[in-house]
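Below: the structure, in structure tokens.
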There are 2 protein chains.
Amino acid sequence: MYCDFNIKEFTKQLQNSCTKIQTKKIKKNNTITTYIKNRNQICILVNGKADLIKYDINGNKTIIETLKENDTFGEIFFPMTTNSDLFVIAKEDCEVISFIFDDISKKCSRTCKFHETLKTNLLNLFIKKIVNQNIRIELLTKRSIREKLKSYFSSLSKNSSIKTFYIPISYTDLADYLSIDRSAMMRELKSLQEENIITRKGNKITLNK
Amino acid sequence: MYCDFNIKEFTKQLQNSCTKIQTKKIKKNNTITTYIKNRNQICILVNGKADLIKYDINGNKTIIETLKENDTFGEIFFPMTTNSDLFVIAKEDCEVISFIFDDISKKCSRTCKFHETLKTNLLNLFIKKIVNQNIRIELLTKRSIREKLKSYFSSLSKNSSIKTFYIPISYTDLADYLSIDRSAMMRELKSLQEENIITRKGNKITLNK
DNA sequence: TAAAATCTGTTGCAATTGCAACATTTTTCT
DNA sequence: AGAAAAATGTTGCAATTGCAACAGATTTTA
């Protein structure tokens, strides 16, 4: 598989390589703004969970990305013309490493033996990120709240035989993630239950039939 | 800048490297299905334009991605559980190269001198792809048709001083790209004109104020 | 160049969705 | 433990959006 490598090992390699890297620990609910201020900086979440969020002019919050262990983020991934303010908020205590992309991509003058391994690992991380983004795009292109919910649920029950699962985020956050109104989402969840398409108890969902 | 390299040069390097690569030419309106059937295959569009499209159960067409020169695509970028059918359609005559990711990521036994350059170039291409996907996600998270249109327009007039531009795709395709109903979109375009927020003549748009 | 296909433009109507405003429950903080 | 904050759940109403069904314009194809 294309992403079966060990992030801890990768971090260790980075620390031993010629590349200058930073390690930071961020407490739950704190903002990891620093990691999204330098162009060409790439961050990797080593531990914990975080959300990349945005507020629009009307105050609507959108969760652009939910980040977990192994996920990459940083301003390098956004167009220079981005006019919205982006924040990365730690949802749990987080450990983050960051480095400048040029240090990885440029030829290593000291021909350190880790340099090329890093590139390969980064390629794997990027592919993983692109896959996640495609899942997100698939969700967002759904035309109705019902379809968005069904799509989200089916991504949670990856193995098609597992029909019961727990929603890993709050319903408030889920609405922001699906980019829909929370009350409209709750109403739709109710309909899905009434039509016996799902069974719901708290954040435990079962897909019926 | 992080993506200022020459795709032609890259292609030439690929051909001289130890990596097995394929080159194919596809005529306008033909389907490039072959390029999205093998897991771990990465394709690069060297010339032309293409759309990555999807049809849902209700027959709604969605343009997942608009591909142009330098863009990467392939099944490697989608989760294995994807149940929707994806097609890549050439919108113009296209030239595509493809190779197996493992051939790039694994160590080169013949230590050919291009191998590492390829990795670096791929990293650049992947970052470019992630940036494009973020632009798409930004668009799709917009809560209304009006906001989606304004967001799309502003991405076209990247340089904020340029207020006039041409929409590079048909309005029918634009609706599929924004994942909205075409007639509702036309109605909104009309409102934007009536409120003098834009001026529109065919596919030429001017942002007023 | 004529016919076919696609794209653009428009409208009425129905369905979906967002908004505002609550009450209730659960979680977090001191 | 008690207060404060956040999350869940609900509803009526208004606004937005999608759908269907056209007509006309433009482009492609035979």
Side-chain angles (χ1 to χ4, degrees), chain A residues 27-30 51 53 56-63 89-93 139-151 166-195 197-205, chain B residues 27-30 51 53 56-63 89-93 139-150 166-195 198-205:
Chain A
K27 286 276 173 202
K28 183 173 175 177
N29 291 329
N30 284 34
D51 283 350
I53 62 168
D56 70 15
I57 339 147
N58 307 317
N60 289 315
K61 175 184 163 190
T62 304
I63 298 176
I89 306 282
K91 301 288 280 186
E92 297 175 1
D93 289 2
L139 257 188
L140 291 171
T141 57
K142 291 282 150 61
R143 307 297 176 100
S144 65
I145 291 180
R146 174 166 294 213
E147 287 306 312
K148 282 183 180 176
L149 284 170
K150 281 164 69 179
S151 184
Y166 294 85
I167 298 179
I169 58 177
S170 72
Y171 282 105
T172 305
D173 281 355
L174 180 55
D176 293 337
Y177 185 68
L178 302 180
S179 209
I180 53 181
D181 181 73
R182 188 187 60 82
S183 69
M185 184 188 78
M186 298 304 280
R187 183 165 39 208
E188 196 58 42
L189 281 169
K190 210 174 158 191
S191 305
L192 284 166
Q193 273 183 285
E194 279 164 6
E195 295 173 42
I197 295 168
I198 65 165
T199 308
R200 185 167 78 92
K201 203 168 255 178
N203 62 344
K204 182 184 177 187
I205 303 275
Chain B
K27 286 275 174 203
K28 183 174 174 176
N29 292 328
N30 284 34
D51 284 350
I53 61 168
D56 70 15
I57 338 147
N58 307 316
N60 289 316
K61 175 183 162 191
T62 303
I63 298 176
I89 306 282
K91 301 288 279 185
E92 298 175 359
D93 290 2
L139 258 186
L140 291 171
T141 57
K142 291 281 149 61
R143 306 296 176 103
S144 64
I145 291 179
R146 173 166 295 215
E147 287 305 314
K148 282 181 179 176
L149 285 170
K150 282 164 68 178
Y166 293 85
I167 297 180
I169 58 176
S170 71
Y171 283 104
T172 305
D173 280 356
L174 180 55
D176 293 336
Y177 184 69
L178 302 180
S179 210
I180 53 181
D181 180 73
R182 188 187 60 82
S183 70
M185 184 188 77
M186 298 304 280
R187 182 165 37 206
E188 196 58 42
L189 281 170
K190 209 174 158 192
S191 304
L192 284 166
Q193 274 184 285
E194 280 164 6
E195 296 172 41
I198 64 165
T199 308
R200 186 168 78 91
K201 203 169 256 178
N203 62 343
K204 182 185 178 189
I205 303 275

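Below, chain A is the first sequence line, B the second, and so on; all start at residue 1.
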Rounded to whole Å, NZ of B:Lys61 lies from C1' of C:dT6 at a distance of 11 Å
Measure the shortest side-chain to side-chain distance between B:Asp176 and B:Thr62 over non-hydrogen atoms and say whether it is less than 4.5 angstrom. no
Base D:dG9 to side chain A:Arg182, donor-acceptor N/O within 3.5 Å cut-off: yes
Roughly how many Å is it from CG in A:Asp176 to C1' in D:dA6, rounded to a whole number? 13 Å
Please report, rounded to the nearest Å, how far the P atom of C:dT8 is from the CZ atom of B:Arg200. 9 Å
Identify, between A:Leu189 and A:Arg143, the residue whose nearest nucleotide on DNA chain D lies closer to the 5' end. A:Leu189
May I ask you to say what B:Ser144 touches in the nucleic acid, namely base, sugar-phosphate or nothing, with a heavy-atom cut-off under 4.0 Å? sugar-phosphate
Expressed as a whole number of angstroms, how long is the span from A:Leu149:CG to C:dT17:C1'? 13 Å
Test item: A:Asp93 side-chain N/O and A:Lys28 main-chain N/O as donor-acceptor pair under 3.5 Å: yes
Could you check how far CG of A:Asp173 sits from P of D:dA7, rounded to whole Å? 7 Å
Roughly how many Å is it from CD in A:Glu194 to P in D:dG9, rounded to a whole number? 14 Å
D:dT17 C1' sits how many Å from A:Lys148 NZ, rounded? 13 Å
To check you understand the geometry: which heavy-atom pair defines the closest contact between A:Ile63 and A:Tyr177, and what is its length? O-CD1, 3.8 Å
Separation of B:Asp181 atom CG from C:dT16 atom C1', in whole Å? 13 Å
From D:dT10, D:dG18, C:dT11, pick the nucleotide closest to the side chain of B:Ile180? D:dG18
Minimum side-chain heavy-atom gap B:Lys61-B:Asp173 below 4.5 Å: yes
Where the side chain of B:Lys28 is concerned, which of D:dG9, D:dT28, C:dC7 is the nearest nucleotide? D:dT28
Assuming nearest nucleotide by heavy-atom distance, tell me which of B:Tyr171 and B:Ala184 is located more 5' along DNA chain C. B:Tyr171
Which nucleotide in the set C:dT10, D:dA7, D:dT17 lies at the smallest distance from any side-chain heavy atom of B:Arg187? D:dT17
Candidate list A:Ile180, A:Ile145, A:Asp181, test side chain to side chain contact (heavy atoms under 4.5 Å, CB included), partner A:Glu188, passing option: A:Ile145
Using OP1 and OP2 only, check whether a side-chain N or O of B:Thr172 sits under 4.0 Å from C:dT8. yes
With respect to the side chain of A:Ile145, which nucleotide from D:dC19, D:dG18, C:dG18 is positioned closest? C:dG18
